[in-house]
Amino acid sequence: MDWSDTYEIVDFLCEKYPDKDPEKLLFLDLMNMVSSLEGFTGKEEHCNERILEAIQTIWIEEKD
């Protein structure tokens, strides 16, 4: 799993962090959460604000 796998990342985040509110997360915290997911192989230097924003947006939509 890499940074471009946003929907897969969100599925894992929903499972691992069911009580987290994605609207209240700082991008640095979100990046660290994604990096710690099992099977995640993406490098932090390939992450940017646009990717994190996409992950956060999808996660917010999934929570609703």
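All of these numbers come straight from a predicted model, not from anything done at the bench.
Listed by first then second residue, pairs satisfying ring-ring contact (aromatic ring centres under 6.0 Å, His included) with a partner in residues 2-58 read W3-F40, not counting sequence neighbours.
When all heavy atoms of D2 and G42 are compared, the pair lying nearest together is OD1-CA, 3.3 Å. The minimum heavy-atom distance linking K63 with P18 is given by the pair NZ-O, 2.7 Å.
Although no hydrogens or angles enter the test, the distance criterion places a donor-acceptor pair under 3.5 Å between the side chain of Q56 and the main chain of P22. Judged purely by atom type and a 3.5 angstrom limit, T41 uses its side chain to pair as donor or acceptor with the backbone of M1. The main-chain N or O of E23 is found under 3.5 Å from a side-chain atom of D21 such that the two form a donor-acceptor pair. In this structure a side-chain-to-backbone donor-acceptor pair under 3.5 Å is missing from D5 to E8. In this structure a side-chain-to-backbone donor-acceptor pair under 3.5 Å is missing from K20 to L13.
Residue S4 holds its OG atom at 9.5 Å from CD1 of I55, rounded to the nearest 0.5 Å. Summarising the geometry, atom CG belonging to L26 is positioned 9.5 Å from atom CG belonging to L30; distances are rounded to the nearest 0.5 Å. Annotation: the span from T6 atom OG1 to D11 atom CG amounts to 10.0 Å, rounded to 0.5 Å.
In this structure, the side chains of M33 and L25 come closer than 4.5 Å at one or more pairs of heavy atoms. Side-chain contact between I9 and W59 is absent, with no heavy-atom pair separated by less than 4.5 Å. A 4.5 Å side-chain heavy-atom check between K16 and E38 finds every atom pair outside the cut-off.
Under the side chain to side chain contact (heavy atoms under 4.5 Å, CB included) criterion, L28 pairs with M31, N32, not counting sequence neighbours.
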